[in-house]
Protein chains: 2
Amino acid sequence: MMATAEIFRALGDPIRLEMVQRLTKGGRCTITVLSEGLGVSRQGARKHLQVLADASLIALRPQGRDVLVSLDPEALLQARRFIAELERRWDARLEALKRLVEE
Amino acid sequence: MMATAEIFRALGDPIRLEMVQRLTKGGRCTITVLSEGLGVSRQGARKHLQVLADASLIALRPQGRDVLVSLDPEALLQARRFIAELERRWDARLEALKRLVEE
DNA sequence: TCAAAATGCAACTAGGAGGTTGCACATGAA
DNA sequence: TTCATGTGCAACCTCCTAGTTGCATTTTGA
């Protein structure tokens, strides 16, 4: 799948969105901590984390008994840029239409 | 589902992403035109359009025999703002960490 | 008027997503 | 050592998604 679509897809779930939000607030933490209070089992949460990792939104780094989860802001940046580019093209189109009408 | 997650989810598919891109380039057009060259049937494409419409990314406006598809940039704006806010919080966290180290 | 075009609706299918549970395994702490 | 903790792996289930096809309906244009 197109990399950008995969990023959006990964963000397109309330649980995963919550996980990303927690990471922007609290920085890195373990899988277990990040999985608490989401309404799903640890294994369920783990699958969501894998989706985020596959989309490069997070990094999973084993450290001893734990696995540290950390945000990778690069994917967020890519998503934001993509949307900004869409908006830019849309605005340009509207401008062109406006000029056409005024002539 | 959280509205923002629904927007991301709608964008999280290569076909739907392509549709949105076409709309930012070409402005409004009919369902049939927008469904061409995507590798799926018209009905398949129609379902994708419904997903985009449910997320308020596009508007479907019947006009005579046709249905005009038009982009709703408000949902794009919402998505972009959401990501920007995540980035802002992430940066703030890094800054706080940095200050902590320097003290 | 009549045919073609654009669309809607419904039924059906295959596959993947999201969820669970159970168990094994490595690691850290008492 | 011993036991609790944090993870991983695998099997399984259910439901939604993405896709199809067939047919009916409305509108346009010749």
Side-chain angles (χ1 to χ4, degrees), chain A residues 1-23 26-71 75, chain B residues 1-23 26-71 75:
Chain A
M1 165 154 52
M2 179 185 179
T4 308
E6 192 174 7
I7 294 173
F8 285 133
R9 194 198 161 281
L11 293 175
D13 178 279
I15 290 182
R16 292 195 289 266
L17 215 45
E18 168 69 20
M19 285 171 158
V20 171
Q21 277 186 313
R22 287 189 189 180
L23 286 171
R28 70 154 70 109
C29 61
T30 70
I31 288 184
T32 296
V33 169
L34 198 55
S35 301
E36 289 166 355
L38 293 174
V40 291
S41 68
R42 177 184 59 87
Q43 299 291 23
R46 181 60 177 83
K47 290 194 179 180
H48 283 297
L49 286 174
Q50 194 57 49
V51 173
L52 290 172
D54 289 345
S56 299
L57 274 159
I58 63 171
L60 300 175
R61 220 161 41 80
Q63 180 155 333
R65 185 174 44 173
D66 299 334
V67 170
L68 295 186
V69 185
S70 59
L71 189 70
Chain B
M1 167 154 50
M2 180 185 177
T4 308
E6 191 174 9
I7 293 173
F8 284 134
R9 194 196 162 283
L11 292 175
D13 178 280
I15 291 183
R16 292 196 287 265
L17 214 45
E18 168 70 20
M19 286 171 158
V20 170
Q21 277 187 311
R22 287 189 188 180
L23 286 171
R28 68 156 69 111
C29 61
T30 70
I31 288 184
T32 296
V33 169
L34 197 56
S35 301
E36 287 166 356
L38 293 174
V40 293
S41 68
R42 175 184 60 87
Q43 299 290 26
R46 181 59 177 83
K47 291 194 179 181
H48 282 296
L49 287 174
Q50 193 57 49
V51 173
L52 290 172
D54 288 345
S56 300
L57 274 159
I58 62 171
L60 300 175
R61 224 162 36 83
Q63 180 154 332
R65 183 176 47 174
D66 300 333
V67 170
L68 295 186
V69 185
S70 58
L71 188 70

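All of these numbers come straight from a predicted model, not from anything done at the bench. Lettering of chains follows the sequences in order, A, B, ..., and the numbering in each one begins at 1. Because only heavy atoms are used, hydrogens play no part in the values below, and waters and symmetry mates are left out as well, while side chains stay in.
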By nearest atom, which of the nucleotides [options] is closest to the [X] side chain?
{"X": "A:Ile31", "options": "C:dG18, D:dG8, C:dT21", "value": "D:dG8"}
{"X": "B:Val40", "options": "D:dG8, C:dG18, D:dT20", "value": "D:dT20"}
{"X": "A:Val67", "options": "C:dG18, D:dA18, D:dT7", "value": "D:dT7"}
{"X": "B:Thr30", "options": "D:dA18, C:dT7, D:dT7", "value": "C:dT7"}

Pick base, sugar-phosphate or nothing for A:Gly44, based on heavy-atom distances below 4.0 Å to the nucleic acid. base
Taking atom types as they are modelled, is there a donor-acceptor pair under 3.5 Å from the base of C:dG22 to the side chain of A:Gln43? yes
Just how far, in rounded Å, is [atom2] of [N] from [atom1] of [X]?
{"X": "A:Asp66", "N": "C:dC25", "atom1": "CG", "atom2": "C1'", "answer": "15 Å"}
{"X": "B:Asp54", "N": "D:dT17", "atom1": "CG", "atom2": "P", "answer": "10 Å"}
{"X": "A:Lys47", "N": "C:dG16", "atom1": "NZ", "atom2": "C1'", "answer": "11 Å"}
{"X": "A:Arg46", "N": "C:dA24", "atom1": "CZ", "atom2": "P", "answer": "20 Å"}
{"X": "B:Arg9", "N": "C:dG16", "atom1": "CZ", "atom2": "P", "answer": "16 Å"}
{"X": "B:Gln50", "N": "D:dC16", "atom1": "CD", "atom2": "P", "answer": "17 Å"}
{"X": "A:Leu34", "N": "D:dG6", "atom1": "CG", "atom2": "C1'", "answer": "14 Å"}
{"X": "A:Asp13", "N": "C:dG16", "atom1": "CG", "atom2": "C1'", "answer": "14 Å"}

Pick the nucleotide of DNA chain C nearest each of A:Gln63 and A:Val51; which residue has the one closer to the 5' end? A:Val51
Under the criterion side chain to side chain contact (heavy atoms under 4.5 Å, CB included), which of B:Val33, B:Leu34, B:Thr30 is the partner of B:Val69? B:Leu34
D:dA18, OP1 or OP2 - any side-chain N/O from B:Arg16 closer than 4.0 Å? yes
Do [X] and [Y] have side chains that get closer than 4.5 Å, going by heavy atoms?
{"X": "B:Met19", "Y": "B:Leu49", "answer": "yes"}
{"X": "A:Leu38", "Y": "A:Arg22", "answer": "yes"}
{"X": "A:Arg9", "Y": "A:Arg16", "answer": "yes"}

So, for B:Ala53 and B:Leu60, which heavy atoms are closest and what is the spacing to 0.1 Å?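 It is CB-CD1, 4.0 Å.
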Note: for B:Arg65 and A:Leu68 on DNA chain D, the residue whose nearest nucleotide lies more 5' is A:Leu68
